[in-house]
Structure formats: C-alpha cells, structure tokens
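To start, the structure itself, in structure tokens.
If you read the sequence from its start, that first residue is 1, and numbering goes on from there. When a ligand or atom number is given, it counts from 1 through the structure's own listing order.
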Amino acid sequence: MTDECFRHPRLAALYDALEPDRSDLDAYVHMAEEAEARSVLDIGCGTGVFALLLADRGIEVVGVDPAEASIDVAEGKPGSERVRWIRGDVSALPPLQVDLATMTANAAQEIVPPESWQETLRGAYASLRPGGRLMFETRDPARRAWEEWNREESYRVTEIPGVGAVESWVEVTAVSRPLVTFRYTYVFAVDGHVLTSDSTLRFREREEVETDLSAHGYVVEDVRQAPDRPGRELVFLARRPQAG
Ligand SMILES: C[S@@+](CC[C@H](N)C(=O)[O-])C[C@H]1O[C@@H](n2cnc3c(N)ncnc32)[C@H](O)[C@@H]1O
C-alpha cells in the first residue's frame, strides 16, 4: 500500500505542480545515455516524468508503481502510449531484460518493510540483463533531512492551473530511526477541502544498502552524490554481473 499523496486522485494530480523542478532527473538521464541504455525499468515511476523523458529519447521504458492514481496521471500525458505502465510493485512485472533499472526521487525510501525492500532488489535484478545496472538514491541519514520537515519551513501556496490555489505543508509526527513518519496537509482554496497524507520513510545507512545489494548478487560500482543535492543523498550504482 502506498501513501495517500500518490494514490488519492486529487493529490496525485498535484504531484507535478508541487515538484516542478526535476533537475534531480538529469543524473539519471545522463546515466541512461552513458550506459547507452535501450531499455529501462523505472520502479516507483509515479506520475511518469522520468519514464516519459526517456521515451522521448527513443528508449523503451517500463514504469511500475502501486499507486494507480499516479499511473493514471502518467497515462494522461502526451507520449504516454510509448511507455508500458504497470500498476503494482516488482512482483507484477513480466519477464524483462533491461539495460538499466532506476528508482528516482527517493522512491527506495518509500519501500519500508524489509521483505518488500528485499523483494524489490530481487525483482530489479531479475529484470536486468546480465551486465545491466541499477541506479537509485536514498537520503543520507547523517543529514537528518526530517529536521527541516516542519510547517514553518515547508508552508507554501501554489497556484495550479485548473485546480486553483493549494496550501500545503509537512510536519514530522514520529522519528524512530530508521523510520521517520510525517504528515502532508493540503488545503484546496476552491472548495476549502482539506486532505492529509501520512508517510513513513526508511532511512538506510550506506553500509546496509551495500550489504543488501551484494547479498542479491549485484556488484556495487559506485556510491555518488546527487549533483543537484550535494551532501544530502547517497546515489547507488550497482551492476548485475555478466555471468549471474
Ligand atoms: C516520491 S515518489 C517518486 C515518483 C517518481 N519516481 C518521480 O521521480 O517522480 C515515490 C513513489 O514510490 C512509489 N512506491 C511506493 N511503494 C512502492 C513499491 N513497493 N514499489 C514500487 N514503487 C513504490 C509510490 O507510489 C510513489 O509513486
């Protein structure tokens, strides 16, 4: 089960407007180009921004996400017919042999139960061709990003075409490391409706992720910074070995 903000139709429709700066995706596009990827699996594709960027470049893309309302948004976008959208988690994937698998925008942190996380790493591995790569990011726990998730720092009013003004803010409700729980609140000016979305993220340590990747047979090639968020993210690049 995914969070209300991704699965409620009214909230899924806000996602792109509330996150307009997607320069975070540049590093992933760059990797797809560097790896000369002809096929990509985007796990936790959400509203499909990255999947559609790749499809525009002629890359064959499969986007998978359990949030149906987010996939509905993706399917409504120009060019969406070039992407294969799958509603579900990795267990819903058909057999694949992609060059690159990705989890952008900290989607990995959304996968909280240990068994789901292991299943995701296993499913991504099975979907890669030998020699294919997995790239994803997770917030570095040492940066304690949740300390900035409060109403004062996050409150904003966004004017959204066709929707009107939306007030939004986030507040942490519990920190029990490695889990951090928080609540987003949205107020729609047009009808005064208030919606909330509760989320829990898992903040994994670098060593833990490296151990998990190795246990699933990946070779960890690099752990990088996110160029657009220096010092804040751990970006993992792992490879399925040629014989494996
Ligand atoms: C912060 S959003 C990122 C969406 C997209 N990757 C982007 O760059 O905009 C996290 C996404 O992870 C998805 N998600 C949650 N649990 C998941 C799971 N077990 N498998 C795949 N995706 C999952 C959510 O539904 C949500 O769409």
Side-chain angles (χ1 to χ4, degrees), residues 1-32 40-55 61-77 80 83-93 96 98 100-127 134-139 145-146 149 154 168 170 179-182 184 197-204 212 226 228-229 232-233 235-236:
M1 176 74 88
T2 174
D3 306 338
E4 198 72 4
C5 57
F6 307 124
R7 71 185 149 88
H8 189 296
R10 208 170 174 189
L11 295 181
L14 301 182
Y15 181 85
D16 293 333
L18 295 177
E19 303 290 342
D21 176 7
R22 295 312 309 264
S23 50
D24 59 304
L25 299 176
D26 293 351
Y28 290 88
V29 173
H30 186 71
M31 174 50 59
V40 173
L41 166 64
D42 189 28
I43 301 169
C45 64
T47 58
V49 179
F50 182 55
L52 289 165
L53 269 179
L54 295 181
V61 191
V62 175
V64 63
D65 200 296
E68 297 205 9
S70 293
I71 299 264
D72 291 346
V73 171
E75 281 183 332
K77 294 182 177 176
S80 67
V83 176
R84 185 167 176 189
W85 306 104
I86 297 179
R87 291 162 170 79
D89 60 17
V90 290
S91 64
L93 290 173
L96 295 170
V98 297
L100 177 67
T102 54
M103 287 184 270
T104 65
N106 295 300
Q109 289 193 259
E110 297 277 337
I111 305 170
V112 171
E115 59 281 8
S116 304
W117 175 239
Q118 300 304 336
E119 172 67 10
T120 303
L121 293 182
R122 193 203 59 72
Y125 190 94
S127 301
L134 169 66
M135 179 175 176
F136 64 94
E137 61 190 42
T138 185
R139 291 181 189 83
W146 59 86
W149 298 346
S154 64
S168 62
V170 62
L179 304 184
V180 176
T181 302
F182 51 94
Y184 266 101
S197 174
D198 292 312
S199 300
T200 297
L201 296 183
R202 185 175 285 271
F203 281 75
R204 298 183 177 90
D212 288 347
D228 59 307
R229 288 154 292 161
R232 303 183 76 91
E233 297 279 329
V235 184
F236 291 86

Task: Basic-acidic side-chain contact under 4.0 Å: R87, D72 - done: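 A salt bridge is present here (some side-chain N lies under 4.0 Å from a carboxylate O).
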Open item on the list: So for atom CZ, which belongs to R84, do other residues, nucleotides or ligands contribute more than 12 heavy atoms lying within a distance under 6.0 Å?
Closed with: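 No, because the 6.0 Å sphere around CZ of R84 holds 12 heavy atoms or fewer from other groups.
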- [ ] List for me each residue that meets ring pair (Phe, Tyr, Trp, His ring centres under 6.0 Å) alongside W85, sequence neighbours excluded, and say none if there are none.
- [x]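 By the ring pair (Phe, Tyr, Trp, His ring centres under 6.0 Å) rule, W85 matches no residue at all.
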Open item on the list: Pairing donors with acceptors under 3.5 angstrom, does anything connect the side chains of S70 and T47?
Closed with: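 Looking only at side-chain atoms, T47 and S70 do not form any donor-acceptor pair under 3.5 Å.
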TODO: For the residue pair S199 and D3, confirm or rule out a side-chain donor-acceptor distance under 3.5 Å.
DONE: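 Yes.
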TODO: Could you please provide the protein residues found below 4.0 Å of ligand 1 on a heavy-atom basis, arranged by chain and number?
DONE: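 Shell around ligand 1 (4.0 Å, heavy atoms): T2, F6, Y15, R22, I43, G44, C45, G46, D65, P66, A67, D89, T104, A105, A107, E110, I111.
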- [ ] Kindly indicate whether the side chain of M135, heavy atoms from C-beta on, has any atom under 4.5 Å from the side chain of V235.
- [x]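 M135 reaches V235 side chain to side chain.
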